[in-house]
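Scroll down for the structure; my scribbles are underneath it.
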Amino acid sequence: MDWGRWFRHVFATRAALRRAFPPSTLAAIEVAITESESTHSGEVRFAIEASLEPGEVWQGRTPRDRALEVFAGLGVWDTAANNGVLIYVLLADHDLEIVADRGFNGRVSAQEWAAICDAMQVRFRTGDFAGGAVESVRRVGEIVTRHFPLAPGERSPDELPNRPTIL
């Protein structure tokens with residue numbers, strides 16, 4: 001049992017989440033997702049969580065496990081072309097996860113997604129949550145556009161909300 005991790009989750013607050021992601025940052029993320037989706041047929045979701053329940057931490061639940069659950073819960077897997085992508089932030093663990101639907105299997109390596117998370121992590125460490133989040137959405141959008149571009153004159157069906165989700 002990692003007591004440090006457990007205490008971080010117990011004492012993580014929604015207020016800290018609101019300080020890191022105020023309404024202006026959430027609006028900037030939403031704009032970035034909307035702009036990104038104007039170039040591809042994929043769906044990008046952004047979800048932020050302050051902490052896990054202490055019991056989940058005690059049982060060893062990982063941020064990746066939670067990201068997969070959120071991916072399913074938000075219906076990111078339920079797009080027509082199986083091309084949804086979730087960017088998940090777990091503040092208490094200072095962890096970022098990207099979960100991509102099966103339409104990206106064999107097309108995008110785990111290292112490409114990890115590079116985006118690493119770059120976002122660097123920005124977050126300096127307190128630049130807005131810049132890190134918007135940049136990650138932009139970079140995810142570039143990958144989605146490479147594999148699922150819109151044809152000239154085509155519009156994205158926008159199957160999922162663009163507003164970030166606070167869990």
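On a predicted model such as this, the values are computed, not experimentally measured, just so you know.
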Student check: side-chain heavy atoms of V85 and I143 closer than 4.5 Å | no
Quick one: do E142 and R139 make a salt bridge, cutoff under 4.0 Å?
-> no
Check against side-chain contact (heavy atoms from CB on, under 4.5 Å), L91 and F124 | CA-CA 10 Å; L91 285 178; F124 282 10; 5.6 Å; no
Specify the closest pair of heavy atoms between V10 and P54, including all atoms of both residues, with the distance to one decimal.
-> CG2-CG, 3.8 Å
Side-chain heavy-atom pair D101, F71 within 4.5 angstrom cut-off | yes
Would you name the heavy atoms of A32 and V134 that are closest together and state the gap between them?
-> CB-CG1, 4.0 Å
With hydrophobic residues grouped by side-chain heavy-atom distances under 4.5 Å, do V137 and V31 end up in a single group?
-> no
Which one of V70, L68, V76, I87 satisfies the side-chain contact (heavy atoms from CB on, under 4.5 Å) criterion with V99?
-> L68
How are the rings of F11 and F7 set to each other: parallel, tilted or perpendicular (split at 30° and 60°)?
-> parallel
With sequence neighbours left out, the residues meeting side chain to side chain contact (heavy atoms under 4.5 Å, CB included) with R125 are Q121, V122
Taking only distance into account, with no hydrogens and no angle test, what donor-acceptor pairs under 3.5 Å do side-chain atoms of residues 146-153 form with protein atoms, sequence neighbours excluded?
residue, atom, partner, partner atom, Å
R146, NH1, E112, OE1, 3.2
R146, NH2, E112, OE1, 3.2

Output side-chain donor-acceptor pairs under 3.5 Å for residues 14-27, partner residues at least two apart or in another chain, one line each.
residue, atom, partner, partner atom, Å
R14, NH1, L167, O, 2.6

Determine which pairs satisfy salt bridge (charged side-chain N to carboxylate O under 4.0 Å, His left out) with at least one residue from residues 20-45, sequence neighbours left out, and list them in order.
-> E30-R163
More than 12 heavy atoms of other residues, nucleotides or ligands under 6.0 Å from CD of E53: is that the case?
-> no
Closest heavy-atom pair, A67 versus Y88, reported as atoms and distance to 0.1 Å, is CB-CD2, 3.7 Å
Distance from E159 atom CD to T79 atom OG1, nearest 0.5 Å?
-> 5.5 Å
With sequence neighbours left out, which residue pairs that include part of residues 64-75 fulfil the side chain to side chain donor-acceptor pair (under 3.5 Å) condition?
-> E49-R66, R61-E69, T62-D65, R64-E97, R66-E69
Among the clusters formed by ILVMFWY side chains lying less than 4.5 Å apart, do I33 and V89 turn up in the same one?
-> yes
Scanning both residues in full, the closest heavy-atom pair of N162 with D158 reads OD1-OD1, 3.1 Å
Kindly give the heavy-atom pair with the smallest separation between A12 and S51, and that separation in Å.
-> CB-CB, 3.6 Å
Determine, using the 4.5 Å side-chain heavy-atom cutoff (strictly less than), whether F46 and V44 are members of one ILVMFWY cluster.
-> yes
Sorted by chain and residue number, the salt bridge (Lys or Arg N to Asp or Glu O under 4.0 Å) partners of D93 (sequence neighbours excluded) come out as R5, R8
Nearest-0.5 Å distance, CG of residue L86 to CH2 of residue W77 = 14.5 Å
Residue pair P164 / I29: nearest heavy atoms and the distance that separates them | CG-CG2, 3.5 Å
Nearest-0.5 Å distance, CH2 of residue W113 to OG of residue S136 | 11.0 Å
When rounded to the nearest 0.5 Å, the distance separating CD1 of I98 from CD1 of I116 is 4.5 Å
Can you tell me if T145 uses its side chain to pair, donor with acceptor, with the backbone of G141 under 3.5 Å?
-> yes
Answer with yes or no whether the hydrophobic clustering places V140 together with L90; edges join I, L, V, M, F, W, Y residues whose side-chain heavy atoms lie under 4.5 Å apart.
-> no
State plainly whether one hydrophobic cluster holds both L96 and I166, where clusters connect Ile, Leu, Val, Met, Phe, Trp and Tyr through side-chain heavy atoms under 4.5 angstrom apart.
-> yes
